[in-house]
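Following: one structure in structure tokens, then a few remarks.
Here is the naming used below: chain letters follow the sequence lines, and residue numbers restart at 1 for every chain.
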There are 2 protein chains.
Amino acid sequence: MNDRKRHVIEKAHQLFIEKGFQTTSIQDILDYSGISKGTFYNYFSSKNQLLMDIFRTTFKKIEIDRNGLLFGKDPGDPEIFISQIELQMTANRENKIVPLFEEVFFSGDKELKQFIEVGQMKILRWFSDRLGDITDDICKPYLLDGAIMLNGILLQNIRFHRKANGEAASLHPVVRYSVTRILNMLEELAQSGEQLVPPEIMDQWLPVSRTEELDWRINIHSVISRMKKLDCNNTDYLKKLDFIEEEILRSSTPRKFLIDSVLLSLATVNKYELDELQALIDENLLEKA
Amino acid sequence: MNDRKRHVIEKAHQLFIEKGFQTTSIQDILDYSGISKGTFYNYFSSKNQLLMDIFRTTFKKIEIDRNGLLFGKDPGDPEIFISQIELQMTANRENKIVPLFEEVFFSGDKELKQFIEVGQMKILRWFSDRLGDITDDICKPYLLDGAIMLNGILLQNIRFHRKANGEAASLHPVVRYSVTRILNMLEELAQSGEQLVPPEIMDQWLPVSRTEELDWRINIHSVISRMKKLDCNNTDYLKKLDFIEEEILRSSTPRKFLIDSVLLSLATVNKYELDELQALIDENLLEKA
DNA sequence: TATATTTTTATACAATCGGTACAAAAAGGT
DNA sequence: ACCTTTTTGTACCGATTGTATAAAAATATA
């Protein structure tokens, strides 16, 4: 990832936070970040792809900070969970994640939509896992219900608490209040035995053991199909891309050295998609000795 | 309200449901409803105003149906409440209210934003009032909290229940489940005494006794200021509009016969705004004998 | 330092969008 | 039959996203 590209992402994010996504034109971004239109479309294939890059970098940072709070602490301590949520929600607010999500979710871009969907599933699974750390084992069948409803009441409580007490009000009491409600609710659910959604289905929504794998494979496919469009008459180029996709998606033990070689021979393409593909592979594909 | 105009509203709503608001162009609407661009802008001053008209007619219908379920029944019966919510949610789904809301809420149009905000506040107050019908009086201080959280868990539960069981799945068990959770929660809140948002603040968000009045007055102002722009050089025309606004907003007993006379003399304007203004006044301003 | 390659810029351009303007035609009322 | 209102068709405006491309600047390489 280029430093300059990172700078553009940062500046564009600032503009989106201030003015919203739709109302910020690409020209605004060019002026504010001091690059030309050509460079912009050399970095990002579209405004939506830029937004996805913003989401990616922001999420990565939030996730690291949030998990850092748990480091060395007791996972069963509800206070840690509350602090983690507070951090997550504060960061979401600062980065206007929710408004940007909603502004763009129904705009027709399938890739963006799926990206957001996966992000929300990850939050849900994290809620579910952490609630499992805190509660008794008898609550297990109701953890997903609890996560879903925690998500719901958190969003609404924060929204209206802010409406009542101003934007600057601390989130801590709201998060504690919401978590307390859900913990009580989980106890009650364990007693009454009422279940709405079975937790197993989460594996279907976002496969547990192979989560990163699946998530990553989806991205591989989308990146490669985008790359194909860049030079769709060059059969040699297309063959190489097909080989990479095939090797990664079909094989249980993809030969990374082969893929790296092919990627190297593609270096002449010199597009940001190649960087993206390389980064994806490096992050997710381990060298098999 | 013109029959033809109603037809356009209906057709446009269909398109918005199928393709979304942003991705449906005005040209699409013109083609699908078989009118010309001139006619469109004779009916609606903008695409956003058309959407507001769609919302208005849809809400009116849903509200009538929903309140009809309570007619002659016991307000304290939770089953009625559940059925009402189910109807509301089903209708919201069919009309894609939530997606349209979210798609358009962050698009910069202040009037549209406020309109949606008021609509959501009305739902919240209805939740709060109906929860008050059902629960014990000791729950009163927590009714707004309950309404807020009911709103939250309903949206999420429905969303993920649909994701798990398909779009066609009945909403009834989900709504019952959600309402049960909130009723239990209200009992628990009454015992622990924890409150997040005091119910009195609802009067501030959406004044109780004068709700319709305020809501209506805001619309009056917005319609009249729009009408002023239509012929901003005709001083006689402007004077009449000012008189109407003044008479409605400043006087505690507006003289409807006077307003009607002035409206009559404005009939030459012949714009959809005049219809809207007349309808607003007829609906909200009672004849003082 | 000189040359080759890649990146960046500036600009023109196409296509589409929401919205305005207006004259001509159609419809409707008296 | 005459006048008014509505509707139509079309041209137009400014702004938008995205493409194309030649020139300029930066960078790597020899």
Side-chain angles (χ1 to χ4, degrees), chain A residues 1-8 11-12 15-16 19-52 103-104 107-109 111-112 226 229-232 264 266-275, chain B residues 1-8 11-12 15-16 19-52 103-104 107-109 111-112 226 229-233 264-275:
Chain A
M1 169 90 69
N2 196 337
D3 253 6
R4 197 177 168 87
K5 183 175 172 183
R6 223 191 310 275
H7 173 254
V8 176
K11 288 294 188 181
L15 284 178
F16 291 164
K19 305 178 36 179
F21 180 72
Q22 320 256 17
T23 51
T24 299
S25 72
I26 288 183
Q27 192 57 49
D28 291 337
I29 299 170
L30 305 186
D31 296 343
Y32 192 56
S33 60
I35 60 165
S36 73
K37 201 165 205 173
T39 305
F40 180 92
Y41 280 100
N42 194 23
Y43 288 157
F44 317 99
S45 61
S46 71
K47 205 177 156 190
N48 282 350
Q49 283 295 325
L50 161 63
L51 185 61
M52 282 179 64
E103 187 179 356
V104 103
S107 61
D109 186 314
E111 201 182 345
L112 190 48
R226 241 183 297 135
K229 291 179 193 152
L230 293 179
D231 190 4
C232 56
L264 199 65
L266 284 176
T268 56
V269 177
N270 205 336
K271 278 280 173 184
Y272 72 94
E273 272 91 357
L274 189 64
D275 282 341
Chain B
M1 171 90 70
N2 195 337
D3 254 6
R4 197 176 168 86
K5 182 176 172 182
R6 224 191 309 275
H7 172 255
V8 177
K11 288 292 186 182
L15 284 179
F16 290 164
K19 305 179 32 177
F21 180 72
Q22 320 257 15
T23 51
T24 299
S25 69
I26 288 184
Q27 193 57 51
D28 290 336
I29 300 170
L30 304 186
D31 296 342
Y32 193 57
S33 60
I35 60 165
S36 72
K37 201 164 203 171
T39 306
F40 180 91
Y41 281 99
N42 194 23
Y43 287 158
F44 316 99
S45 59
S46 72
K47 203 179 160 191
N48 283 348
Q49 284 295 326
L50 161 63
L51 184 62
M52 283 179 63
E103 188 179 354
V104 102
S107 62
D109 187 313
E111 201 180 347
L112 190 48
R226 242 183 295 136
K229 291 179 194 153
L230 295 178
D231 190 6
C232 55
N233 293 322
L264 199 65
S265 76
L266 285 175
T268 56
V269 177
N270 205 337
K271 280 280 174 182
Y272 73 95
E273 271 92 356
L274 190 64
D275 282 340

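- Spacing between atom CD of B/Gln22 and atom C1' of D/dT17 amounts to 14 Å, rounded to whole angstrom units.
- The nearest whole Å value for the distance from the CG atom in B/Asp31 to the P atom in C/dT16 is 14 Å.
- A/Ser33 is linked by a side chain to side chain contact (heavy atoms under 4.5 Å, CB included) to A/His7, A/Val8, A/Lys11, A/Ile29, A/Ile35, counting only residues two or more places apart in sequence or in another chain.
- Taking atom CG of A/Asn48 as the reference point, atom C1' of D/dT16 lies 14 Å away to the nearest angstrom.
- Protein atom CZ of B/Phe40 is 21 Å distant from nucleotide atom P of C/dC22, rounded to whole Å.
- Taking 4.0 angstrom as the limit, B/Thr39 places a side-chain polar atom (N or O) nearer than this to OP1 or OP2 of D/dT8.
- Note: CG (B/Asn42) to P (C/dA26) measures 19 Å, nearest angstrom.
- For the pair B/Phe44 CZ and D/dT6 C1', the computed distance is 15 Å after rounding to whole Å.
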Open item on the list: Evaluate B/Val104 against B/Phe16 for side chain to side chain contact (heavy atoms under 4.5 Å, CB included), listing each step before the verdict.
Closed with: CA-CA 12 Å; B/Val104 102; B/Phe16 290 164; over 6 Å; no
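- The CG-C1' distance, from A/Leu30 to C/dT9, rounds to 11 Å in whole Å.
- Residue A/Lys47 places no side-chain atom within donor-acceptor reach of the base of D/dG18, judged by atom type and a 3.5 Å distance cut-off alone.
- Backbone-only contact: B/Tyr43 has heavy atoms under 4.0 Å from sugar-phosphate atoms and none from a base.
- For D/dT5, neither phosphate oxygen OP1 nor OP2 lies less than 4.0 angstrom from any side-chain nitrogen or oxygen of B/Arg4.
- Between B/Phe40 atom CZ and B/Ser45 atom OG the span is 9.0 Å, to the nearest 0.5 Å.
- Donor-acceptor pairing under 3.5 Å is recorded for the side chains of A/Ser25 and A/Asp28.
- The side chain of B/Lys37 lies closest to D/dT10 when the candidates are D/dT10, D/dT7, D/dG18.
- Interatomic distance, CG of A/Leu51 versus NZ of A/Lys47, reported as 9.0 Å (0.5 Å rounding).
- Atom CG of A/Asp3 is separated from atom P of D/dT27 by 12 Å (rounded to the nearest Å).
- For A/Ser25, taking side-chain heavy atoms from C-beta onward, the closest of the listed nucleotides D/dT7, C/dC17, D/dT16 is D/dT16.
- The side chain of A/Ser36 lies closest to C/dT8 when the candidates are D/dG18, C/dT20, C/dT8.
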